[in-house]
Amino acid sequence: QVQLVESGGGLVQAGGSLRLSCVASGRTFGIYHMGWFRQAPGKEREIVAGINRSGGSTYYADVVENRFTISRDNAKNTVVLQMNNLKPEDTAVYYCAAGLLFVVAPSHYDYWGQGTQVTVSS
């Protein structure tokens, strides 16, 4: 069992930056691939970025490529999403998730945090 707690969301102007953190409980964090997802009102949940269990491989959705960076520290059970040059269309609830498959589909992730709101004003 893994419990995930996100933090770092908030309100920021377009062009600004936010850093989201996700801390996992338990001693098995290192076996899970991690993903950051987001869900805007009326839209489906979509992957933003993913990182494999070792941190050696990452994935980014096209819309965030070169603006967002995902990283993890297995010693601290933490995964971070650094978001730069934020745009109003990045506004959503952001979730971190853990799964045993390194894939983009939310359905393959087993554990989810409660989400943190990110709002980008124009």
Side-chain angles (χ1 to χ4, degrees):
Q1 191 81 1
V2 176
Q3 292 185 325
L4 304 172
V5 179
E6 302 102 334
S7 62
L11 173 65
V12 64
Q13 289 186 331
S17 298
L18 283 174
R19 185 175 184 269
L20 304 184
S21 295
C22 174
V23 179
S25 65
R27 294 176 291 179
T28 59
F29 177 73
I31 72 171
Y32 291 99
H33 305 298
M34 299 298 296
W36 281 99
F37 294 78
R38 68 186 182 188
Q39 189 165 19
K43 295 188 176 181
E44 294 186 352
R45 191 169 297 189
E46 61 179 2
I47 192 165
V48 174
I51 189 166
N52 73 340
R53 57 174 61 97
S54 71
S57 182
T58 57
Y59 166 85
Y60 296 96
D62 289 344
V63 293
V64 306
E65 185 85 51
N66 298 319
R67 298 190 297 125
F68 291 9
T69 303
I70 189 171
S71 61
R72 69 187 294 165
D73 185 338
N74 287 347
K76 296 182 179 180
N77 282 15
T78 300
V79 60
V80 170
L81 184 68
Q82 176 67 42
M83 306 186 294
N84 298 328
N85 191 20
L86 283 160
K87 303 176 180 180
E89 51 264 42
D90 294 318
T91 295
V93 178
Y94 283 70
Y95 300 88
C96 72
L100 295 176
L101 296 177
F102 190 41
V103 294
V104 300
S107 59
H108 288 288
Y109 285 77
D110 303 304
Y111 302 102
W112 292 83
Q114 81 288 352
T116 185
Q117 177 70 46
V118 171
T119 303
V120 184
S121 63
S122 58

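Worth knowing before you read on, the calculation uses all heavy atoms, side chains too, and leaves out hydrogens, waters and symmetry mates.
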Legend entry - Pairs flagged by disulfide (SG to SG under 2.5 Å) wherever residues 38-69 is involved - sequence neighbours left out: none

Inset, instruction - Sort and list the pairs that fulfil salt bridge (charged side-chain N to carboxylate O under 4.0 Å, His left out) and have at least one residue in residues 110-122, not counting sequence neighbours. - result: none

Legend entry - Residue pairs, two or more places apart or on separate chains, that pass side-chain hydrogen bond (donor to acceptor under 3.5 Å, both in side chains) and touch residues 11-26: Ser17-Asn84

Legend entry - Over 12 foreign heavy atoms within 6.0 Å of CD, Glu65: yes

Legend entry - Single-linkage hydrophobic cluster Val80~Val48, side-chain heavy atoms < 4.5 angstrom: no

Inset, instruction - With sequence neighbours left out, write down each residue that passes side chain to side chain donor-acceptor pair (under 3.5 Å) with Gln3, or none if nothing qualifies. - result: none

Inset, instruction - List the atom of Leu18, the atom of Leu86, and the distance in Å for their closest heavy-atom pair. - result: N-CD1, 3.8 Å

Inset, instruction - Without swapping roles, check the side chain of Asn52 against the backbone of Ser57 for a donor-acceptor pair under 3.5 Å. - result: yes

Inset, instruction - Could you state whether Val2 and Ile70 fall into the same hydrophobic cluster, counting links through intermediate Ile, Leu, Val, Met, Phe, Trp or Tyr residues with side-chain heavy atoms under 4.5 angstrom apart? - result: yes

Inset, instruction - Hey, could you give me each pair passing ring pair (Phe, Tyr, Trp, His ring centres under 6.0 Å) that has a residue in residues 4-32? Not counting sequence neighbours. - result: Tyr32-Tyr111

Inset, instruction - Apply side chain to side chain donor-acceptor pair (under 3.5 Å) to Thr119 and list each qualifying residue two or more places apart in sequence or on a separate chain. - result: Gln117

Inset, instruction - Working to the nearest 0.5 Å, report the span between CD of Gln114 and CG of Leu4. - result: 9.0 Å

Legend entry - Met34 CE to Ser71 OG distance, which is reported to the nearest 0.5 Å: 11.5 Å

Legend entry - Smallest separation among heavy atoms of Thr91 and Ala40, with atom names: O-CB, 3.8 Å

Which pairs of donor and acceptor atoms, one on a side chain in residues 93-104, lie under 3.5 Å apart (sequence neighbours left out)?
residue : atom : partner : partner atom : Å
Tyr94   : OH   : Arg38   : NH1          : 2.9
Tyr94   : OH   : Asp90   : O            : 2.6

Legend entry - disulfide (SG to SG under 2.5 Å) contacts in which one or both residues fall within residues 26-71, not counting sequence neighbours: none

Inset, instruction - Identify the two heavy atoms, one from Leu81 and one from Ala49, that lie closest to each other, and give their separation to 0.1 Å. - result: CD1-CB, 4.0 Å

Inset, instruction - Taking all non-hydrogen atoms of both residues into account, name the closest pair between Ala61 and Ile47 and its distance. - result: CB-O, 3.6 Å

Inset, instruction - Could you check if a side-chain atom of Trp112 sits within less than 4.5 angstrom of a side-chain atom of Arg45, using non-hydrogen atoms only? - result: yes

Legend entry - Cluster link Val118 to Phe37, ILVMFWY, side chain under 4.5 Å: no

Legend entry - CZ on Arg67 to OG1 on Thr69, rounded to 0.5 Å: 11.0 Å

Legend entry - Pairs flagged by salt bridge (charged side-chain N to carboxylate O under 4.0 Å, His left out) wherever residues 71-81 is involved - sequence neighbours left out: none

Inset, instruction - Following the transitive rule for hydrophobic clusters with a side-chain heavy-atom cut-off under 4.5 Å over Ile, Leu, Val, Met, Phe, Trp and Tyr, establish whether Val63 and Leu20 coincide in one cluster. - result: yes

Inset, instruction - Sequence neighbours left out, what pairs pass ring pair (Phe, Tyr, Trp, His ring centres under 6.0 Å) with at least one residue falling in residues 41-87? - result: none

Inset, instruction - Could you pull out the closest heavy-atom pair between Ala14 and Pro88, with the gap in Å? - result: CB-CD, 4.1 Å

Legend entry - Shortest non-hydrogen contact between Glu6 and Thr116, atoms and distance: CB-CG2, 4.1 Å

Inset, instruction - Please report the C-alpha distance between Met83 and Trp36 in whole Å, then the side-chain angles of each, then the deciding distance to 0.1 Å, and finally whether the side chain to side chain contact (heavy atoms under 4.5 Å, CB included) criterion is met. - result: CA-CA 11 Å; Met83 306 186 294; Trp36 281 99; over 6 Å; no

